[in-house]
Amino acid sequence: MLEIQNLSVDYKGNCVLSNVSFLVPMGQLVGIIGPNGAGKSTLVEAILNLVPVTQGVVRFKGMPLKRQLLQTAYVPQRSRVDWDYPVTVWNVVMMAQTVQTGLFKGFSQWARQQTRTALERVDMYDLRDRPIGELSGGQQQRVFLARALAKEAELLIFDEPFTAVDRKTEDIIFDIFQELRAEGKTLLVINHDLGDSLAIYDQLLLLNKHLIAQGNRREVVTSDNLERAYGRGLARVFA
Amino acid sequence: MLDWIIEPLSLSFMQRALMLGILLGILCAIVGSYMIVQQMGMLAHAISHSVMAGLPIAYVVGVALSIGALVAGVISALVLYLIESRSRVKTDAAMALILTSFVAIGVVLVSILPGANRIDLVHILFGNILGVTMTEVWWSLAVTVVGIILVRLFFKELLFYTFDPKGAQASGMPVHWYNASLITAMTVTIVVCLPTVGALLVVALLVAPAATAYLLVKELHQIMWVGSIIGALSSIVGMYLSYYLDAPSGASIVLVSFCFFCLAFLFSPSEGLLVDLWTQRQRSHLTDADEVDQTLVMQRLNSPERKF
């Protein structure tokens with residue numbers, strides 16, 4: 001169980017996130033939706049302790065999450081990544097093994113095998129020696145997905161994984177999300193659009209600085225809720 | 001030709017200068033590689049000038065000038081971080097403010113602290129590699145060797161942190177320590193280079209060889225290797241130029257390293273400007289040829305012989 005209680009974040013005096021609380025049972029695929037600037041990225045960053053929180057508790061399996069970071073995998077938004085960085089596909093996925101391997105040691109044979117399996121699973125093993133800057137948007141996203149898989153985490157967090165990806169990548173990501181859920185992993189996914197892609201989630205969180213609604217698609221995507229999150233215009237289009 | 005190369009080597013000050021130049025070329029390229037990927041060039045520039053505030057204080061207190069420079073450099077980075085994180089003032093404005101204020105502190109203290117006016121500010125600003133002592137060469141060797149060992153030991157952690165700081169932090173890595181270590185390493189490198197090229201030009205030694213290598217190869221460790229070779233070569237060629245043209249040594253080294261960068265910018269096989277233009281030209285020739293073929297095909301298709 002992932003428990004979030006009263007999570008609040010201030011940034012330079014402005015409230016970005018206010019008293020967000022929710023529960024996610026293990027083995028669920030959860031979508032986080034909301035307008036631009038609603039604090040979706042801040043929410044996952046606060047869960048992972050990447051931004052200072054003003055108050056709140058984050059527990060995973062009954063323990064503070066920040067003490068079990070080896071159990072979590074995080075895929076940042078693609079705009080946060082420097083795609084000109086001089087690094088190959090293989091070495092990006094190897095990064096998943098950095099903390100487990102420990103200081104002053106080289107990667108083990110097992111770590112290499114994990115990397116290989118993860119790259120094969122997203123159909124990127126053949127491109128393992130390519131610099132990441134020479135890949136398409138979809139291929140880049142699959143490399144980060146492979147890095148998350150290679151970590152064998154229990155809680156996986158994705159920030160807008162479907163931005164700028166091709167159809168093949170979208171299918172691969174969908175399939176892998178289903179497989180991970182079947183393995184009992186918990187997934188939090190920030191989803192940018194409100195279309196049919198929402199059908200894959202077990203539950204949705206609708207956010208705009210505070211939690212507006214939580215539940216299945218039918219309960220969350222209502223004209224009332226959307227109006228509260230997005231304002232009147234958009235709500236009419238999607239409801 | 002051989003005489004031309006050997007003659008300066010018989011002079012002991014040239015021997016020392018060349019040894020130091022090669023060592024600093026290697027050290028700067030390694031530290032500079034992290035600066036390029038972390039986009040810390042302007043920070044290095046700010047720190048390189050801020051070190052001046054520490055010199056008169058160290059002189060009066062009676063510790064080595066380099067210690068004073070190091071402390072002032074690190075303090076300037078901390079103040080910068082404080083302004084950036086606790087106010088709405090953006091990075092470039094904060095850097096301009098800190099850079100100039102720390103230089104001003106240095107200039108004021110040199111004239112008001114008793115005895116500090118014996119510090120030669122021109123020497124600090126421009127350096128003089130031909131005046132280095134053997135002790136400075138040994139110090140540079142020690143710093144370079146320690147630098148290489150540390151990079152080797154922490155390479156995988158630094159790769160992860162510099163590529164994806166948020167991902168590294170989410171994995172539980174102590175990213176603030178890695179950030180502080182990189183800034184300290186950069187400041188130490190700047191301080192070691194001060195006697196050679198001076199505060200005004202030191203950033204060129206850090207940035208140019210690594211940036212040149214960045215245009216030529218595709219992985220961080222390769223950038224370090226190629227950058228080291230380019231850095232050492234720039235020092236050697238620059239020193240010979242300075243010897244024969246009687247030009248200032250620091251500026252000569254910087255100009256040679258800039259020439260190497262221009263060569264890579266124009267001729268790099270993967271992204272050189274001229275290579276790019278050449279490939280585009282080739283491609284447009286091909287397209288033209290394709291179009292001609294197309295018209296021919298169309299003519300053939302429409303010709304009376306085809307109509308049965």
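Every chain is numbered from 1, with letters handed out A, B, ... down the list of sequences.
For a residue to count as touching a neighbouring chain, one of its non-hydrogen atoms must lie under 4.5 Å from one of that chain's; by this rule B/Leu220 touches chain A with backbone and side chain alike. Using a 4.5 Å cut-off between heavy atoms, A/Val87 touches chain B through backbone and side chain atoms alike. Contacts between B/Leu159 and chain A at a heavy-atom distance below 4.5 Å involve backbone atoms as well as side-chain atoms. Looking at A/Val75, neither its backbone nor its side chain comes within 4.5 Å of chain B, counting heavy atoms on both sides. Neither the backbone nor the side chain of A/Ile157 comes within less than 4.5 Å of any heavy atom of chain B. Within the 4.5 angstrom heavy-atom criterion, no atom of B/Phe155 approaches chain A. For A/Val51, the part lying under 4.5 angstrom from a heavy atom of chain B is the side chain only.
Minimum heavy-atom separation, B/Ala170 to A/Leu50: N-CD2, 3.5 Å.
Other residues, nucleotides and ligands contribute at most 12 non-hydrogen atoms within 6.0 Å of the CZ atom of B/Phe258.
The side-chain heavy atoms of B/Val37 and A/Pro86, taken from C-beta on, include a pair separated by under 4.5 Å.
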Compile a table of inter-chain donor-acceptor pairs under 3.5 Å between chain B and chain A, counting both main-chain and side-chain atoms.
residue  : atom : partner  : partner atom : Å
B/Glu84  : O    : A/Lys12  : NZ           : 3.3
B/Ser87  : O    : A/Lys12  : NZ           : 2.8
B/Lys156 : NZ   : A/Gly102 : O            : 2.7
B/Lys156 : NZ   : A/Lys105 : O            : 2.9
B/Thr162 : OG1  : A/Tyr85  : OH           : 2.6
B/Asp164 : OD2  : A/Arg147 : NH1          : 3.1
B/Asp164 : OD2  : A/Arg147 : NH2          : 2.6
B/Ser171 : OG   : A/Lys151 : NZ           : 3.4
B/Tyr214 : OH   : A/Asp84  : O            : 2.9
B/Glu219 : OE1  : A/Asn91  : ND2          : 2.7
B/Leu220 : N    : A/Pro86  : O            : 3.1

